[in-house]
Undergrad: 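What follows is a single structure, and I will ask about it in a moment.
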Number of protein chains: 2
Amino acid sequence: MPVDHAAATLLSAFDNVPDFAKGAVRDLRVRWALEETGRPYCPQYLDAMKPKPEGYRDWQPFGQVPAFDDGTVRLFESGAILLYLGEQDERLLPRDPASRWTATAWLFAALNSVEPALMPIVNLDFFLAGQPGTVEARPAFERMAHRQLKSTEAALEDKEWFAGAFSIADIMMACVLRNVDHTDMLSAYPALSAFKARAEARPAFQRARADQLAGFREPT
Amino acid sequence: MPVDHAAATLLSAFDNVPDFAKGAVRDLRVRWALEETGRPYCPQYLDAMKPKPEGYRDWQPFGQVPAFDDGTVRLFESGAILLYLGEQDERLLPRDPASRWTATAWLFAALNSVEPALMPIVNLDFFLAGQPGTVEARPAFERMAHRQLKSTEAALEDKEWFAGAFSIADIMMACVLRNVDHTDMLSAYPALSAFKARAEARPAFQRARADQLAGFREPT
């Protein structure tokens, strides 16, 4: 739940993005984790379409979101923030070493084995649209993406979540898979599709998404 | 130091890869971390060009390397393995919370903000070479990569390492930057170039790289 008065936990987010990004900006990952544990936070809004305020890159070196500050630790990267939140609450990251490290491995897998395979599709379809070669190169990148999705589908099999109990691995993987919501790529993967639907049905996801959407300023 | 007798720590690696990958396969990241702390390990070799042995995907779901098993924890993803090793040795991950989380943020940044921007270049130049649109689309992907490198350069500035003392963040970032060693992309970034040279000059990196190279079978 975002709070608009002084709060211990600050989270940077955008109040203005291109339409295709609404509901998919990466602060969603952290909002979702915070909602799962009922932890209030205070969004710090920036305009994605304008130069970032002086000093913001000291907090988030890439000028992106999210960045996080709870008065104890100040950090960036959605993966690092989820791991930090997970260490503080076993509803986000199990405590027994085997489950904890399986969840951590899947957190990294979402970010380094799956998302890098899907981002070229997002870039070709949106950020690089209209540039030379982007239409022609897309099938090759799509084949690479399917190879990683196929492996992820096979690993999930009939499991409910990636590491036993629901964890930050599932928050991250569901958000990563949402990158290609504008395509039908997931339709070939019944386990991943059902997993994503199950994750998105969680009340904490619903609240996080609604709060991200509510933070965007109306177009002028 | 790899050991060829039974050892507590197992690490999967390839003994056969295309020439362009030699010295750059991702088990290098873990070998390097293990060398920094003088921890012996036993490489478990696979052929990258052949189907993986039955059961390997239970250990590494994407059929890639590295996968790790020290008898206590079995895990995959180079980022997760480095984090696990870091938690066990402060020479890899500082103990005070601020430094620890800064290093963790940069570990994730290397894997999710820098490497995904560089991998399209690697894919276009090697894995997808010759496929339609790949030559034409390269400049657009190269511009995206430079945007992330520019931010990384600005964040490093005149610092020796990314998070104070040398850490897993530096191992990961140096290895990620090595992805584009076949290009002159880093030449525009004096801080990153000096950082990478400093990292590669460490005896532990030299040993890890030599051991990876020694593990490749001669071409038949």
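Just so it is clear: chains get the letters A, B, ... in the order the sequence lines come, proteins before strands, and each one is counted from 1. This is a predicted model, so every value here is computed, not measured.
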Undergrad: Locate the shortest heavy-atom distance separating A:Gly86 from A:Leu92; write the atom from each residue and the value.
TA: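 Answer, listing the atom of A:Gly86 first, then A:Leu92: CA-CB, 3.8 Å.
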Undergrad: At a heavy-atom distance under 4.5 Å, which candidate from A:Pro116, A:Ala137, A:Pro139 has the highest pair count against chain B?
TA: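 Most heavy-atom pairs under 4.5 Å with chain B: A:Ala137.
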Undergrad: Give the minimum heavy-atom separation between B:Leu85 and B:Ala33, together with the two atoms involved.
TA: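 Closest heavy-atom pair between B:Leu85 and B:Ala33: CD1-CB, 3.9 Å.
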Undergrad: In terms of heavy-atom pairs under 4.5 Å with chain B, which of A:Phe108, A:Phe76, A:Phe62 leads?
TA: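 Top option by heavy-atom pairs under 4.5 Å: A:Phe108.
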Undergrad: Look up atom CG in B:Leu118 and atom CG in B:Leu177, then write down how far apart they are to the nearest 0.5 Å.
TA: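 Interatomic distance, B:Leu118 CG to B:Leu177 CG, rounded to 0.5 Å: 7.0 Å.
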Undergrad: CG/B:Leu82 to CZ/B:Phe68 distance, rounded to the nearest 0.5 angstrom?
TA: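 Rounded to the nearest 0.5 Å, the CG-CZ separation comes to 10.0 Å.
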Undergrad: If I compare all heavy atoms of B:Leu11 with all of B:Pro66, which pair ends up nearest, and what's the gap?
TA: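 So the minimum-distance heavy-atom pair works out to CD1-CB, 3.7 Å.
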Undergrad: Counting only heavy atoms closer than 4.5 Å, note whether B:Ala154 contacts chain A via side chain, backbone, both or neither.
TA: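 Contact with chain A involves no heavy atom of B:Ala154 at all.
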Undergrad: Only pairs of heavy atoms separated by less than 4.5 Å count here; which of B:Leu83, B:Val73, B:Leu75 has the most with chain A?
TA: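 Highest number of heavy-atom pairs under 4.5 Å: B:Leu83.
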Undergrad: Quick check: closest heavy atoms across A:Leu111 and A:Gly79, and the distance to 0.1 Å?
TA: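 Looking at all heavy atoms of both residues, the closest pair is CD1-CA, 3.7 Å.
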Undergrad: To check you understand the geometry: which heavy-atom pair defines the closest contact between A:Pro61 and B:Ala155, and what is its length?
TA: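 Heavy atoms only, the tightest pair is CB-CB, 3.8 Å.
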Undergrad: Which atoms of B:Val114 are under 4.5 Å from chain A, going by heavy atoms: the side chain, the backbone, both sets, or neither?
TA: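 Just its side chain gets close to chain A.
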Undergrad: For ring pair (Phe, Tyr, Trp, His ring centres under 6.0 Å), just list the numbers for A:Phe127 and A:Phe20, CA-CA rounded to whole Å, side-chain angles, deciding distance to a tenth of an Å, and then say yes or no.
TA: CA-CA 10 Å; A:Phe127 296 102; A:Phe20 70 81; 5.2 Å; yes
Undergrad: Could you show, one pair per line, the donor-acceptor contacts under 3.5 Å between chain B and chain A?
TA:
from	atom 1	to	atom 2	distance (Å)
B:Arg26	NH1	A:Asn112	OD1	2.8
B:Arg57	NH1	A:Ser151	OG	3.0
B:Glu77	OE2	A:Ser113	OG	2.5
B:Glu87	OE1	A:Arg100	NH1	3.3
B:Glu87	OE1	A:Arg100	NH2	3.2
B:Glu87	OE2	A:Arg100	NH2	2.6
B:Arg100	NH1	A:Glu87	OE1	3.3
B:Arg100	NH2	A:Glu87	OE1	3.2
B:Arg100	NH2	A:Glu87	OE2	2.6
B:Leu111	O	A:Asn112	ND2	2.7
B:Asn112	OD1	A:Arg26	NH1	2.8
B:Asn112	ND2	A:Leu111	O	2.7
B:Asn112	ND2	A:Glu115	OE1	3.1
B:Ser113	OG	A:Glu77	OE2	2.5
B:Glu115	OE1	A:Asn112	ND2	3.1
B:Gln131	OE1	A:Arg143	NH2	2.6
B:Arg143	NH2	A:Gln131	OE1	2.6
B:Ser151	OG	A:Arg57	NH1	3.0

Undergrad: Given the options A:Ala109, A:Ala98, A:Pro97, A:Pro120, which has more heavy-atom pairs under 4.5 Å with chain B than any of the others?
TA: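 Of A:Ala109, A:Ala98, A:Pro97, A:Pro120, A:Ala109 has the most heavy-atom pairs under 4.5 Å with chain B.
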Undergrad: Can you say whether A:Leu128 sits under 4.5 Å from chain B via the side chain, the backbone, both, or neither, judging by heavy atoms?
TA: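 When you check distances to chain B, only side chain atoms of A:Leu128 fall under 4.5 Å.
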Undergrad: Over all heavy atoms of both residues, which pair between B:Leu28 and B:Cys175 is shortest? Give the atoms and the distance, please.
TA: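 Minimum heavy-atom contact is CD2-SG, 4.4 Å.
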